[in-house]
Amino acid sequence: LVCFQMMWGGSKMLVLGINKILKWCQITNGGRTYTCPTKYINGELFFRFKNEWHKVAEFVSDHAEELVEEGGKIFSQPFKQ
């Protein structure tokens, strides 16, 4: 994945990890870390930060992990849309 960063108030926003089970992601912006709710819109995963929805794929770190549940098992894997 290519890492895109958006300038937000003079700082860069980056998704560090995604929890698809509890529907949130962790981002960093301006040296601070935030936990943001996520949801799917037209099949794409978005997160809400400062009352705006942003595409996770546009801000995800190359090393981001996602927590998922499949077949009753919970595990972490590299992020995939």
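Keep in mind that the numbers below use all heavy atoms, side chains included, and drop hydrogens, waters and symmetry copies.
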Between [atom1] on residue [X] and [atom2] on residue [Y], distance to nearest 0.5 Å:
X	Y	atom1	atom2	answer
Leu22	Leu67	CG	CG	7.5 Å
Tyr34	Ile27	OH	CD1	7.5 Å
Trp53	Cys36	CH2	SG	9.0 Å
Leu45	Glu58	CG	CD	12.0 Å

**OP:** Evaluate the ring planes of His54 and Phe59, with Trp represented by its six-membered ring, and classify them as parallel (under 30°), tilted (30 to 60°) or perpendicular (over 60°).
**Re:** perpendicular
With [X], which residues qualify under salt bridge (charged side-chain N to carboxylate O under 4.0 Å, His left out), at least two apart?
X	result
Lys23	none
Lys20	Glu66
Glu65	none

How close do [X] and [Y] get, heavy atom to heavy atom, and via which atoms?
X	Y	answer
Val60	Leu14	C-CD1, 4.1 Å
Phe49	Met13	CD2-SD, 3.4 Å
Val56	Phe47	CG2-CD2, 3.8 Å
Cys25	Thr38	N-CG2, 3.7 Å

Original post:
Do Val68 and Phe75 come close enough that some side-chain heavy atom pair is under 4.5 Å?
Top reply: yes
Original post:
Quick one: are Val15 and Phe79 in side-chain contact, heavy atoms under 4.5 Å?
Top reply: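 Not in contact.
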